[in-house]
Amino acid sequence: MNDNIFIFTGIGNYAAALTLLDGQKYIGQGASASIASITGLTLAADSDALPTTTPGANAVMIAGSGTSITLGVGNTIRGITVDNVGTGTKIFGSGFGTLTIGNNTTPDVTLSGTGKALDLTNGTFAATSAFSSVTTTSSPSHGMQLITVGGTVAFGSTSVSGSTAQGIFVNNSGVNLNFGNTTVGATGGATECIRLETNTGGTRTFGTIGVTNCTAQGITISGGGNVVATGQTTITNPGSTGLLLSSTTAGTSATFAGVNSTQSGGTGVQVSSSAGTVSFGDLDISPDSGQRALLADQNTGTISSTSGTIVATGNAGPFAISGPAGRTPLAMTLDSVNLTAPTNVGVNIALVSGNLTIGTTTIAGGAGNLVGLQVLSTAAGGTMNFGNTAVTGTNSVAGVRLGLAGQGNAGGVTFADLDIAPDSGHPALLITDGSGTTTSTSGAITATAAQAVNSSSSVLAMVLDSVTSTGGGITPGVNLTSSSGSIVMNGGTLTGNASGRTFLINSGTISSTYRGGITQAANSEMIEITGGHGTGTVTFNTGTLSATNGRGLLFDNADGLYNFNGITTLNGGDAGIDIINGSAGSLTFNGSTSITNPTGIAFRQDASNASVNYSGTITKTNNANHAVDINGKTGGATAFIGAITATTTTANAIDLTNTGGSTTFSGGMNINTTTGIGFNSTGAGQTVSVCDENP
């Protein structure tokens, strides 16, 4: 015990196995310090000098197929190289106390060649320990294995290949390990290249990492302690997940300067049920076809990145971040996400807080794709910020879905250019229960035989280049219900659905501008504004609004400002204008508005004190119904500036039954009736003005 063993370099290798006794120091001639300083010996004055050490001239040990060095307790190893050991182990120790190996200022121990590099259990590295480098080119089990190990050691650089179990395995340890630049390749037996599992503390530090052809995960990290990779991490062709972080503990961190995970047979990068923080510099992921790119689920620790590119083809949920009830904090920036033929939800973000920014997002859906892009239940104060975004070919729920009933976004969702074109029969944009603002600066929304935009109980600040819906089903092409803020649609075409309104605003205070065309040939309203919509301004500019069937324009308890500045043609079915049920807003119809021979009343204002300025024409020559019917008005001003032409049988052509407000006719009237009254006005308190009644 406690002996000092010195080994000369000699002219060849030492082909022998060595079992150290407790306290023994094993010193090779290549030690970077003198024997006296390593051993602490003080020679008597008349003693022969100790052999000199020659740094770099390590004695080389090899073993045929066994263990080269078996540790006792409290050993020191300096100045040697352990090379080929066949199917054996270079250094083995169990219950080895405190091991001093090499030196952390001038390392002088090297592991190289065949065999398992390290197999250490229940012991501690002295703080001054460091290897020059650690390499193994084959191992019948792990490349290196550390279990319940503490202390501090640096490996210089680490290279592991050809192991049949994990290349690097660190378990239940609090050791501080610096692996340096690290490569691990070609593990066997369905194992990871690197597995850092259920550790209790300490920091595992890497320079660059390159892992290749692992039969299972590329890198697996769980439990306690920190992981730092100061250089690029490159993961190529693992049989399963490229990088897996699972169940890390609170207060820990995993920090990667950059990750490039490609050709993975499973998820490219997965972070699951972790309480520790995870930080990426650049994050680039492109798994095998049919595999997820990024999955982050049930994490309470913050996930961050500064840049990155995500590419995936043909998988159910290729980009998914889903937190627990307490939400996953995000501080992520990515350059782009490009998904082709996802089979469920392409980008799925749910139950998160903080911020996510993606420069460009491109999602081209495939068979079974439910939603191209989905954001649910984000926390107030954060923003999901998507740059230019294109979603095409989705064929189920929606192209883009932001929120569900009870799962709306309290944080903002922003887009630069937003282009959505799902498959025929599937809606484009659904926004639900969004107390956070949804924003866009441009974009084209196109839905075939389905809804283009549906906003329910949400806040908008959207500008779109065009919104187009070609009809089909019973849902409106545009539906803005209980919403606030504003949406500007600078073009497009809305075609009436089989039995649904073409454009609907129901309650809320939203302001809307639509500069496209609207057509309605089905038996329903072309435009309906209802439910107590108030304070918002709704404007139809530039485009042509044409109803050849249905009820035309319906304002039911509508209290906002409504402007029709383009061409509005109501000329079929019962397409007229109805302002009813307590509507108290202000409505302006320009001179390019015309109502022609609806089956019912052409212009009706019933129990409404709305202010109306109608500059268009009214032609009612086809039946017994009124051309103008204003009933129950107690206030407000209604003015007809355009010409009115009416031919009726038994009905009054113009019928006013009110107790207040004013009605003005200044555009001229041409009225003919058989047995009805051409112009009937009853009720005390109203003001009626007529001029140029026979142009």
Side-chain angles (χ1 to χ4, degrees), residues 206 208-211 217-219 221 227-238 241-245 253-264 266-272 274 276-289 291-297 299 301-313 315 317-323 328-340 342 345-350 352-364 372-375 382-391 413-416:
F206 299 84
T208 60
I209 303 176
V211 296
Q217 289 82 246
I219 302 172
I221 300 169
V227 177
V228 177
T230 60
Q232 178 71 22
T233 297
T234 302
I235 305 168
T236 306
N237 196 36
T241 301
L243 172 61
L244 172 62
L245 293 101
S253 63
T255 304
F256 297 87
V259 171
N260 188 330
S261 178
T262 62
Q263 302 171 21
S264 53
T267 300
V269 172
Q270 180 175 344
V271 185
S272 294
S274 289
T277 62
V278 181
S279 301
F280 303 100
D282 188 67
L283 178 60
D284 300 320
I285 310 173
S286 54
D288 284 347
S289 178
Q291 303 299 331
R292 291 178 186 265
L294 175 67
L295 173 62
D297 61 314
N299 300 292
T302 299
I303 302 173
S304 64
S305 64
T306 58
S307 61
T309 300
I310 310 297
V311 178
T313 301
N315 182 262
F319 184 102
I321 303 175
S322 179
T328 296
L330 300 181
M332 295 187 71
T333 296
L334 297 169
D335 300 302
S336 64
V337 173
N338 190 326
L339 309 178
T340 302
V345 179
V347 171
N348 185 25
I349 312 295
V352 300
S353 61
N355 302 303
L356 167 67
T357 297
I358 300 176
T360 60
T361 302
T362 304
I363 303 170
L373 186 153
Q374 174 173 272
V375 181
T383 301
M384 301 298 106
N385 186 355
F386 301 91
N388 293 343
T389 302
V391 180
V413 181
T414 70
F415 300 91

Suppose we screen for side-chain hydrogen bond (donor to acceptor under 3.5 Å, both in side chains). Which residues come up paired with [X], at least two apart in sequence or across chains?
X: Asn388; value: none
X: Asn355; value: none
X: Thr357; value: none
X: Thr361; value: none

Item to complete: Output, in order, the C-alpha distance, side-chain angles, deciding distance and verdict of side chain to side chain contact (heavy atoms under 4.5 Å, CB included) for Asp297 and Ser272.
Response: CA-CA 5 Å; Asp297 61 314; Ser272 294; 2.5 Å; yes
To the nearest 0.5 Å, tell me how far [X] [atom1] sits from [Y] [atom2].
X: Arg292; Y: Gln270; atom1: CZ; atom2: CD; result: 8.0 Å
X: Ile221; Y: Leu245; atom1: CD1; atom2: CG; result: 4.5 Å
X: Phe415; Y: Leu373; atom1: CZ; atom2: CG; result: 5.5 Å

Can a donor-acceptor pair be found between the side chains of [X] and [Y] at a distance below 3.5 Å?
X: Thr234; Y: Asn260; answer: no
X: Ser279; Y: Ser304; answer: yes
X: Asn385; Y: Thr414; answer: yes

Any idea which heavy atoms bring [X] and [Y] closest together, and the distance?
X: Ile303; Y: Ala296; answer: CD1-CB, 3.7 Å
X: Pro342; Y: Ile363; answer: CG-CG2, 4.0 Å
X: Gln291; Y: Ala312; answer: O-CB, 4.1 Å
X: Gly317; Y: Ala320; answer: O-CB, 4.2 Å
X: Ser307; Y: Asp282; answer: OG-OD1, 2.6 Å
X: Pro287; Y: Ser264; answer: CB-OG, 3.3 Å

Worksheet entry | Derivation and outcome, side chain to side chain contact (heavy atoms under 4.5 Å, CB included), residues Thr340 and Asn338 | CA-CA 7 Å; Thr340 302; Asn338 190 326; 4.0 Å; yes
Within the 4.5 Å heavy-atom criterion, are [X] and [Y] side-chain neighbours or not?
X: Val413; Y: Thr383; answer: no
X: Ser305; Y: Leu334; answer: yes
X: Leu243; Y: Ser261; answer: no

Worksheet, complete the sentence: When Leu330, Asn299, Asn348 are each screened for side chain to side chain contact (heavy atoms under 4.5 Å, CB included) with Ile321, the one that passes is Leu330
Apply side-chain contact (heavy atoms from CB on, under 4.5 Å) to [X] and list each qualifying residue two or more places apart in sequence or on a separate chain.
X: Ser286; answer: Thr262, Val311
X: Ser253; answer: Asn226, Thr255, Thr277
X: Thr233; answer: Ile209, Ile219, Ala229, Ile235, Phe256, Val259
X: Ala257; answer: none

Item to complete: Not counting sequence neighbours, which residues clear ring-ring contact (aromatic ring centres under 6.0 Å, His included) with Phe319? List them please.
Response: none
Discussion item. Does Val337 form a side chain to side chain contact (heavy atoms under 4.5 Å, CB included) with Val347? I'd like the steps, not just the answer.
Written reply: CA-CA 9 Å; Val337 173; Val347 171; 4.0 Å; yes
Worksheet entry | Any donor-acceptor N/O pair, Ser274 side chain to Gly276 backbone, under 3.5 Å | no
Item to complete: Walk me through it: do Thr333 and Thr306 pass the test side chain to side chain contact (heavy atoms under 4.5 Å, CB included)?
Response: CA-CA 5 Å; Thr333 296; Thr306 58; 5.6 Å; no
